[in-house]
Chemist: 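Quick one: this structure, given as structure tokens, is what I'll be asking you about.
In what follows, chains are A, B, ... by sequence order, proteins preceding strands, each numbered from 1.
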Amino acid sequence: MSSDNQEKNEQQYSLNDDRRVRTLSPGALVIRRFLRNRVAVTGLVILVFMFIFSFIGGMITPYKEDQLFYRYEYQNKQYAGAKENTELRYVEASEGSFPKVAQAKFVIARKTKKPKFDVKKSTYFVEPEGEEFYAIYEQKKGAKELVAFATYDIVSSAHSDQEASFELQFETSRALAAGEKSFTLDGKEYTVDEGGIVSLDGEPAAYASRYLVQPIMKDVELSQGFREQLLQAIGEDADEFVYADENGEESTYTLTYDAGTSSYKIMQAVATKKFDTYSAPSRAHWLGTDRNGMDMLTRLMYGGRVSLYIGFIVVIIETLLGVALGGLSGFAGGWVDQVIMRTVDVFYCIPSLPIIIILGAAMDAMRVDPQIRMLYLMLILGFLGWPGVARLVRGQILSLREQEFMTAAEATGIRASRRIFRHLIPNVIPQLIVTMTMSLGSTILTEATLSFLGLGVKFPFASWGNIINDVNDTFVLTNYWFIWIPAGVCLLLTVLAFNLVGDGLRDAFDPKMKR
Amino acid sequence: MEQSKSDFILEVKDLKKYFPIKGGMLNRVVGQVKAVDGVTFNLKRGTTMGLVGESGCGKTTTGRTILRLTGEKTGGQVLFEGKEVYDLSSKEMRRMRTKMQIIFQDPFSSLSPRLPVGEIIGEAVREHGLVSKAEYEDYVDKVMDECGLQPFHKTRYPHEFSGGQRQRICIARALALNPDFVVCDEPVSALDVSIQAQIINLLRQLQEQRGLSYLFISHDLSVVEHISDSVGVMYLGNLVEYGDKKDIFARPLHPYTQALFSAIPVPDPTAAKNRIVLEGSIPSPANPPSGCKFHTRCRYCTARCKEEVPVQKEVEPGHYVVCHRF
């Protein structure tokens, strides 16, 4: 019984494998320490968001990176003029049937209210119908013949291909002057309404109006429909009206009355298709559009993609070169080390900004394709950036090489290649990861600076730098916040996040940090 | 015939290792640190030789030079099993490394921090193909067990262990290769006393089981007295006295040895203290004194000592001293 108990106790207190504390590899410990660092995790979250925003956002967005948007802008163009007819107009039955001399005599006769007047050998009779209509007959061999009439109204045919016949004009004007609602011509019954529209069997046949409508531009022919609409608008004292022409294109016309000439000017609002530049945020464009009329949000996504791409590729180039040359330098030593380290010193002396500016200008001059230019930019930045990594790796390898575990590995007869890859490299990687992360942030910043200066990523490709480059005057800066604030914030957040993550990683890799 | 010829597993003859001092504009060699400057001794199979001396006297360099871990030697011979270690090709050397191992002083820096313990111990075993794949795990377990480690330690990382456990890992790594000869480079000096005893007992126990030979480097004379069969005393790159432990501890002959041994604390407050205090400090090995290197601090210094370099003399059978007094 007691031995049984003892066994139980032993079982309870023994450290069987399943009871032991779970062991963690150094990598797992690093992750754990990293995740415990709230600031670094915030940075990581920002980065994840930026990646989703840039890479997945670009796929989701309905617009393309370089898709242009247009808007219609209306411009008033002088289209036609309408003049109120204040003088009597003479309509002749036939060409020359009522000559100018007769017209002058008629004016005198009208004033003196004489029913007849003579011109040379001819005698004319005037039959007024109220104040505004005068039918003029000529005495010809016993019969009076209608030669003309004078009125204020203008009658024009409803059919644009034919002119209104004299008889129709006459009858219409007479009917209007007499206030009649209908007349008969050639056995057909015409009706006249108040607006001056003459209809035959319900179809408009002619229009009578006090206004003289003329196009301002010679090549424009005013359609009857337009006249109709215009006269109606004048009649209603409206300021504007909408008219759709034969092609169905609707335009808005504006009327302005000039009292001096008692005429109307008709302006046509002409729609011009323009790039939708600097439009404010709306439902279609959440962050508005830029100066080229491209969707800002989409540009921002693609810009992030480009910035991150460039950042990563530059850092990869930097790291590959740096690790290879720094590693070789540290491992080989001797004159190899000397040559590589002096090269590094030389690289440190190269003023990178002037070099990049010159190369940028050279590429401008050679009209390098923007895509290839981007590639060159990555290569240039990568080639200028490796010395730092090389120094770091060399220093690390020099110190690690003297560590006793390296001697121990040598003493146990492990191959040189295995010593490098199993013992040396894993111990360099932490520092490398930290530097790479930090370097990502600064590379993105450099790229943005270059793009801002117009030397980096070029239109049509977007990058956060060249988005901000749109802001090249204070007007844009103060009026179009949506152009530069989002890109600036993205840039700031990303670089900040990279630095936070880098700091977090450095702390996490530091074995002196408590678990 | 060749094997039976010597019962010495290791013969070191006039071993020299100088490190260049570089300087000047063109980074030329302007001098040499004579870290090991003529060391001669033999190590019998299955025995332990203690190597003592003050800091910087070249004990560690001697141990590492024997194992060909400091690049090329400057002069002399290292015969392991009768073969010159420095004549081996790199391939042969790699094979030979399984036979001669080293345990480092600092168990913290001598374990790769990014490898699990099982891998640290077993990596070289696999590398040399000492056991078949099927036996590999069991073999590592067995070695770990011999060195007082539990099987579940295999997946852990060095940072999870105490100093004593780490030193056991170092020992296990060395012994996993089944060596004949192990250089113990101050294996206990970084540990506290109770752990020191454990490790030393472990080393002795393993020596009995496997018939190992040790070169036990230490500056702790009591430890050396405890573990060694023979003792060598080094001063400024030279082996000044060398012989059986009993002879050396009973009758230290070289003035330096006498001074060194007089510093051993005696656990008896009433005992008469006969401390020999050496004057001055140890000279620079880059610019050692002429003649006998010890003459600047020697009580018995004569004009001859200043000019003539003494040679090793067998004063008693198996007891060698480098001094003009004998």
Chemist: Start with the C-alpha gap between Arg418(A) and Glu123(B), add the side-chain angles, then the distance that decides, and say whether side chain to side chain contact (heavy atoms under 4.5 Å, CB included) holds.
Modeler: CA-CA 10 Å; Arg418(A) 199 176 162 81; Glu123(B) 187 183 16; 3.0 Å; yes
Chemist: Give a yes or no on this: more than 12 heavy atoms of other residues, nucleotides or ligands lie within 6.0 Å of atom OH of Tyr136(B).
Modeler: yes
Chemist: Considering only heavy atoms from C-beta outward, does the side chain of Glu410(A) approach that of Arg97(B) to under 4.5 Å?
Modeler: yes
Chemist: Where do Thr407(A) and Arg64(B) land on the side chain to side chain contact (heavy atoms under 4.5 Å, CB included) test, with the steps shown first?
Modeler: CA-CA 10 Å; Thr407(A) 318; Arg64(B) 293 194 183 191; 4.2 Å; yes
Chemist: Is chain B contacted by the side chain of Arg415(A), its backbone, both, or neither, given a heavy-atom distance below 4.5 Å?
Modeler: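 For Arg415(A), heavy atoms of backbone and side chain both lie under 4.5 Å from chain B.
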Chemist: For Met96(B), which atoms come within 4.5 Å of any heavy atom of chain A: side chain, backbone, both, or neither?
Modeler: neither
Chemist: Should Glu404(A) and Arg166(B) count as an ion pair when the cut-off is N to O under 4.0 Å?
Modeler: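 No salt bridge links Glu404(A) with Arg166(B).
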Chemist: Could you tell me which non-hydrogen atom of Arg173(B) sits nearest to which non-hydrogen atom of Thr412(A), and how far apart they are?
Modeler: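 Between these two residues, the closest heavy atoms are CG-CG2, 4.0 Å.
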Chemist: Would a distance-only check, ignoring hydrogens and angles, find a side-chain to backbone donor-acceptor pair under 3.5 Å from Arg94(B) to Gly413(A)?
Modeler: yes
Chemist: Quick one: what part of Ile102(B) sits under 4.5 Å from any heavy atom of chain A, side chain, backbone, both or neither?
Modeler: side chain
Chemist: Near Phe421(A) CZ, under 6.0 Å, is it more than 12 heavy atoms from other residues, nucleotides or ligands?
Modeler: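 No, the 6.0 Å shell around CZ holds no more than 12 heavy atoms from other groups.
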Chemist: Specify the closest pair of heavy atoms between Ser110(B) and Ala408(A), including all atoms of both residues, with the distance to one decimal.
Modeler: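 Smallest heavy-atom distance, with atoms named: O-CB, 4.0 Å.
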Chemist: Are any of the side-chain heavy atoms of His423(A) and Arg114(B) separated by less than 4.5 Å?
Modeler: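 The answer is no, as the side chains (C-beta and beyond) never meet within the 4.5 Å cut-off.
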Chemist: Do you know which of Pro113(B), Ser112(B), Ser109(B) makes side chain to side chain contact (heavy atoms under 4.5 Å, CB included) with Gln403(A)?
Modeler: Ser109(B)
Chemist: With a sphere of 6.0 Å drawn around CZ of Arg38(A), does it hold more than 12 non-hydrogen atoms of other residues, nucleotides or ligands?
Modeler: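 Not buried by this count: 12 neighbours or fewer within 6.0 Å.
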